[in-house]
Amino acid sequence: MKIGGVHYHSIWRDAESGEVRIIDQRWLPHDFRIATLSSLAEFEAAIREMWVRGAPLIGATAAYGMAEAMSRDPSDQNFEHSASVLNATRPTAVNLNWALQRCREALLPLPPDQRAAAAWALADEICEEDVEINRLIGEHGLALIRDIAARKPAGEPVRLLTHCNAGWLATVDWGTATSPMYQAHNAGVPIHVWVDETRPRNQGALTAWELGEHGISHQYIVDNAGGHLMQHGLVDLVITGTDRTTSTGDVCNKIGTYLKALAARDNNVPFYVALPSPTIDWTLRDGVAEIPIEDRPDREISHVFGMTEGGIGEVCVVPEGSDVGNPAFDVTPNRLVTGLITERGVCDASAEGLAAMFPEKVGQAA
Ligand code: MRU
């Protein structure tokens, strides 16, 4: 997508040096900074500390991290060490594990002297696939938006609500939940997006920044506003992303997604999840019981990061001595999900729905 008219991906290799570059998301939306990742330790920090974030981008970054590691030392021992370092960075988004597994299957059968080149090619391929998957999710989601637009008076915008940032910054390009929004806007279908702030990391600010760069009408709202907006008929459609979806269609996503799904159900608002296939965990059936939920540092809760009068900084918002808790994700049971927007089309959030969409994966289901 474009920033100031220039097309960017969220991760790329410099055309001359081959170095891996990222948009350093820690500073957005206040400052646009590009960082270079050139060691396993930097890839590890970039994922763990959320210089990059969002399930698909975490997977792509891990694949480049493995390529960097294989360039330095392509031995089996270094493969295992690097994969376990990267795999330990963030527990919830299954794309991390998926990307490392792809590296394992593609690289370990090769003689060590061929692994580095193959690893770089694989990481590039994972990025290209991600862009195409998200473009297709956008096409299928656009059809849903068009359906709603057709039932409204001409020119009235379709009002969407989204949580967190499942935008192009969370993927390589397009985003998942935002791809239908970008494609609707590009096709001239009027939309307005309610953007949940998404405390504590305020990924909504990333979504608002993206939408603003693309000229899409949007409003940034606190996380608690969604239910009220739905009660008053101001939301036509919710689309969120996901970090891990079980083979039965239970959806794990950023903390607070579940509450939005409950409010949507109570108000008959359709609740869709944009789901790229690498985010499906075919080994799990019960999302609440089985998906590991990341606990993040207390400081993300006790301190708020933003632009102060003295520049970018933090302020403390809790009384000294109060304990805080920071579960970073929650699970929305499949019964609350109207449908899953995959790259192959929209399906029911159920074992049957996903199996019909991805029949070749059925044998892998637990
Ligand atoms: O903690 P984050 O910012 O990595 O969490 C991101 C989300 O929860 C996104 O909604 C999810 O990864 C889908 S991204 C296309």
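Note that ligands are numbered from 1 as they come in the structure, with each ligand's atoms numbered from 1 the same way. Counting from 1, the numbers follow the sequence of the chain as shown.
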| query | Would you call the rings of Tyr64 and Trp120 parallel, tilted or perpendicular, where under 30° means parallel and over 60° means perpendicular? | reply | tilted
| field | Those atoms of ligand 1 less than 4.0 Å from some heavy atom in Thr171 | value | 15 (C)
| query | With backbone taken as N, CA, C and O and side chain as the heavy atoms from C-beta onward, which portion of Ala55 lies under 4.0 Å from ligand 1: side chain, backbone, both, or neither? | reply | both
| task | Over 60° means perpendicular and under 30° means parallel, so classify the ring planes of His7 and His9, tilted if in between. | result | perpendicular
| field | Test item, Met50 contacting ligand 1 (heavy atom, 4.0 angstrom) | value | yes
| task | Could you give me the CA-CA distance, side-chain angles and deciding distance for Thr176 and Asn134, then say whether side-chain hydrogen bond (donor to acceptor under 3.5 Å, both in side chains) is met? | result | CA-CA 5 Å; Thr176 59; Asn134 299 331; 5.7 Å; no
| message | Can you tell me which portion of Pro56 lies within the under-4.0 Å heavy-atom range of ligand 1? Options are side chain, backbone, both, or neither. | response | side chain
| said: Could you check whether Lys2 makes a cation-pi contact with Tyr8, meaning its NZ or CZ is under 6.0 Å from the centre of the six-membered ring and within 45° of the ring axis? | reply: no
| task | Answer with side chain, backbone, both or neither: which part of His163 has a heavy atom less than 4.0 angstrom from an atom of ligand 1? | result | neither
| query | Where's the contact between Asn165 and ligand 1, heavy-atom distance under 4.0 Å: side chain, backbone, both or neither? | reply | backbone
| field | Enumerated ligand 1 atoms positioned under 4.0 Å from heavy atoms of Gln203 | value | 1 (O), 2 (P), 3 (O)
| request: State whether the side chain of Asp73 and the backbone N or O of Asn78 hold a donor-acceptor pair below 3.5 Å, judged by distance alone. | output: no
| query | Any idea which of Arg53, Lys254, Arg201, Gln25 brings a heavy atom closest to atom 1 (O) of ligand 1? | reply | Lys254
| task | Do me a favour and list the nearest non-hydrogen protein atom to atom 10 (O) of ligand 1 with residue, atom name and distance? | result | Asn253 OD1, 2.7 Å
| said: Which of the numbered atoms in ligand 1 are under 4.0 angstrom from any heavy atom belonging to Arg90? | reply: 1 (O), 2 (P), 4 (O)
| query | Taking both backbone and side-chain atoms of Gly54, is any N or O found less than 3.5 Å from an N or O belonging to ligand 1? | reply | yes
| task | Look at the aromatic rings of Trp209 and Trp168 and report parallel, tilted or perpendicular, splitting at 30° and 60°. | result | tilted
| What's the shortest distance from atom 14 (S) of ligand 1 to any protein heavy atom, and which residue and atom give it? | Ala170 CB, 3.5 Å
| field | Shortest protein heavy-atom distance from atom 15 (C) of ligand 1, along with the residue and atom involved | value | Thr176 OG1, 3.1 Å
| field | Value rounded to 0.5 Å, distance of CG in Leu259 from CG in Asp330 | value | 6.5 Å
| said: Between ligand 1 and Asp243, is the shortest N or O to N or O distance under 3.5 Å? | reply: yes
| query | What part of Thr279, side chain from CB on, backbone N/CA/C/O, both or neither, has a heavy atom under 4.0 Å from ligand 1? | reply | neither
| message | Does the Lys NZ or Arg CZ of Arg26 fall within the cation-pi geometry relative to Trp51 - under 6.0 Å from the ring centre and within 45° of the axis? | response | yes
| Glu210 (side chain) donor-acceptor with Leu169 (main chain) under 3.5 angstrom | yes
| task | Over all heavy atoms of both residues, which pair between Arg244 and Thr92 is shortest? Give the atoms and the distance, please. | result | NE-O, 2.9 Å
